[in-house]
Amino acid sequence: MSRWQELTGGTSGDEYAARFEALARGGKDVHGEAAFCAALVAPGARVLDAGCGTGRVMIRLAELGYDCVGVDLDASMLEVAREQAPGLPWFQADLATLDPARLGVAADFDLVVAAGNVLPLVAPGTEATVVARLTAALRPGGLLVAGFGLDAAHLPVPAALTLAQYDSHCAAAGLTPTGRFATWDAAPYEGGGYAVSVHRRDR
């Protein structure tokens with residue numbers, strides 16, 4: 001069972017969506033992740049939203065002209081995503097066993113994004129496997145973008161994945177680091193409890 005399932009019981013879709021809707025009504029920009037990705041690849045690029053949740057990031061990327069696929073394990077989150085954008089492809093799948101071919105999807109994405117603390121919330125011990133499966137979904141030269149918390153102030157669960165561990169998993173999967181930032185606004189990372197990392201598939 002994933003840490004997210006243990007935390008929420010798989011029933012938090014509506015609550016999660018309502019939180020971001022409230023932020024948007026209050027004037028907060030809730031599309032930072034999509035803007036970050038759009039700065040890396042041109043419209044028309046294929047994007048896999050890994051751990052897509054209620055679809056906030058993917059829906060915005062689709063509006064910007066990207067060819068998107070969303071995958072998440074939480075049925076309650078996907079229910080909201082499908083209600084908000086029924087014309088987009090949403091799949092329920094565990095990232096640790098992700099095989100795009102089994103979903104009828106080509107594994108040649110230009111970019112895979114894992115936002116919203118996806119990596120620290122997978123099942124304990126599967127982090128390296130998840131990174132490998134996400135890498136396998138990329139075309140050679142494609143980018144893996146992951147943003148996640150590193151301490152209690154930025155995570156809903158105890159910290160379980162360090163940047164050094166994440167970089168090690170990426171290296172083992174055939175990824176090369178190309179950038180690290182403190183926020184989705186691309187502020188330079190100089191230490192701290194949250195990081196956005198960009199890695200490129202070499203082979």
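Both backbone and side-chain heavy atoms feed into the values below; hydrogens, waters and symmetry mates do not.
Within the model, atoms OG1 of T126 and CG of L119 stand 9.0 Å from one another, a figure rounded to the nearest 0.5 Å. To the nearest 0.5 Å, atoms CG (L150) and CG (L155) are separated by 7.0 Å. The OG atom of S168 sits 12.5 Å away from atom CG of L163, with the distance rounded to the nearest 0.5 Å. In this structure, CG on D94 lies 11.0 Å from CZ on R133, to the nearest 0.5 angstrom. If you take CD on E79 and CD on Q92, they are separated by 11.0 Å, rounding to the nearest 0.5 Å. Atoms CG and CG, on L134 and L144 in that order, are 6.0 Å from each other to the nearest 0.5 Å.
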### Query
What's the verdict on side chain to side chain donor-acceptor pair (under 3.5 Å) for H154 and N117, showing C-alpha distance, side-chain angles and the deciding distance?
CA-CA 9 Å; H154 296 86; N117 284 324; over 6 Å; no
### Query
Is there a side chain to side chain donor-acceptor pair (under 3.5 Å) between T135 and R201 once you walk through the steps?
CA-CA 7 Å; T135 301; R201 179 177 175 178; over 6 Å; no
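Under a hydrophobic clustering in which Ile, Leu, Val, Met, Phe, Trp and Tyr are joined whenever their side-chain heavy atoms come within less than 4.5 Å, directly or via other members, Y66 and V145 fall into the same cluster. No continuous path of hydrophobic side-chain contacts links L61 to L78 [ILVMFWY only; heavy atoms under 4.5 Å]. Hydrophobic clustering (side-chain heavy atoms under 4.5 Å, transitive across Ile, Leu, Val, Met, Phe, Trp, Tyr) keeps L88 apart from L64. No continuous path of hydrophobic side-chain contacts links W90 to F109 [ILVMFWY only; heavy atoms under 4.5 Å]. When hydrophobic clusters are built by joining Ile, Leu, Val, Met, Phe, Trp and Tyr residues whose side-chain heavy atoms come closer than 4.5 Å, directly or via intermediates, L161 is not grouped with L73.
Counting all heavy atoms, side chain and backbone alike, A132 lies closest to A173 at CA-CB, 4.0 Å. Nearest heavy atom pair, residue L95 against residue G51, reads CD1-N, 4.0 Å. Across every non-hydrogen atom of G149 and P120, the tightest pair is O-CG, 4.0 Å. Across R200 and G141, no two heavy atoms sit closer than the pair NH1-O, 3.0 Å. Scanning both residues, C68 and P89, for their nearest heavy atoms gives O-CG, 3.1 Å. Here the closest heavy-atom approach between residue C52 and residue G70 is recorded as SG-C, 3.7 Å.
Remark: R46 does not engage D110 in a salt bridge, criterion side-chain N to carboxylate O under 4.0 Å. Using a 4.0 Å cut-off between a side-chain N of Lys or Arg and a carboxylate O of Asp or Glu, R56 and E33 qualify as a salt bridge.
Using a 4.5 Å heavy-atom threshold, the side chains of D67 and V47 count as separate. The shortest distance between side-chain heavy atoms of F148 and V118 does not fall below 4.5 Å. A heavy-atom distance below 4.5 Å is not found between the side chains of V196 and R180.
Looking at Q165, its side chain does come within 3.5 Å of a backbone N or O of T162 through a donor-acceptor pair. A donor-acceptor pair under 3.5 Å links the side-chain atoms of E127 to the main chain of G125, judged by distance alone. Side chain of T129 to main chain of A96: no donor-acceptor pair is present (N/O by atom type, distance under 3.5 Å, no hydrogens or angles). Side chain of D185 to backbone of A187: no donor-acceptor contact under 3.5 angstrom is found. Looking at D72, its side chain does come within 3.5 Å of a backbone N or O of G53 through a donor-acceptor pair. Y194 places no side-chain N or O within donor-acceptor distance of the main-chain N or O of A153, the cut-off being under 3.5 Å.
Checked against the 6.0 Å centroid criterion, the rings of H199 and Y166 qualify as a close aromatic pair. In this structure, F36 has its ring center under 6.0 Å from that of F181.
Each of V130, V112, L48 was checked for a side chain to side chain contact (heavy atoms under 4.5 Å, CB included) with L98, and the lone residue meeting it is L48.
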